[in-house]
Amino acid sequence: MSNPITSWIFNSMESTSDLERRFEDRVGEIAVNSQKLFDERHNSHRPDQFWKVERRDKIANRYIASSAYKNTSAGYCSSFQAASYYNDLAVAKRAELITEILAEEKEQASK
């Protein structure tokens, strides 16, 4: 070929065997993807006897109020452990206030 443009176009053209090989690869990939899609859509979405599965959270069935209280008895809102924790804090605070008041009364009595 004497024309340089024609020879450039001819050299940059893809061969038929390359086109067929890529086509076969695409067809194979599409077949695999379509089978995946079929399996995802036609398999069961629910496990066997799904109605017996507990739907609530597995962490003592409660949510955590703050990350500062995580893994402590105060962490689970509306639980017996949290109520007990805060009751214990209230008892300690009450005892502290009572001792403070008694100390103030003794000071006033000694004056």
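Residues take their numbers from the sequence shown, with the count starting at 1.
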**Report entry** With E29 via side chain to side chain donor-acceptor pair (under 3.5 Å) - residues at least two apart
**Finding:** none
Drop me the distance from [X]'s [atom1] to [Y]'s [atom2], to the nearest 0.5 angstrom.
X: Q81; Y: S84; atom1: CD; atom2: OG; result: 8.0 Å
X: L37; Y: I30; atom1: CG; atom2: CD1; result: 12.5 Å
X: R21; Y: R26; atom1: CZ; atom2: CZ; result: 11.0 Å
X: I9; Y: N3; atom1: CD1; atom2: CG; result: 8.0 Å

Query raised in the report: For the hydrophobic clusters of this structure (ILVMFWY residues joined by side-chain heavy atoms under 4.5 Å, transitively), does one cluster hold both V27 and L19?
Result: no
Donor-acceptor contacts, no H, no angles, side chain residues 91-105, under 3.5 Å, sequence neighbours left out:
residue, atom, partner, partner atom, Å
T99, OG1, A95, O, 3.2
T99, OG1, E96, O, 2.7

Query raised in the report: Would you say the side chains of S15 and D18 form a donor-acceptor pair under 3.5 Å?
Result: yes
Query - Residue pairs involving residues 19-39 (criterion ring-ring contact (aromatic ring centres under 6.0 Å, His included); sequence neighbours excluded) - result: F38-H42
Query raised in the report: Between P4 and S7, what is the shortest heavy-atom contact and its length?
Result: O-OG, 2.8 Å
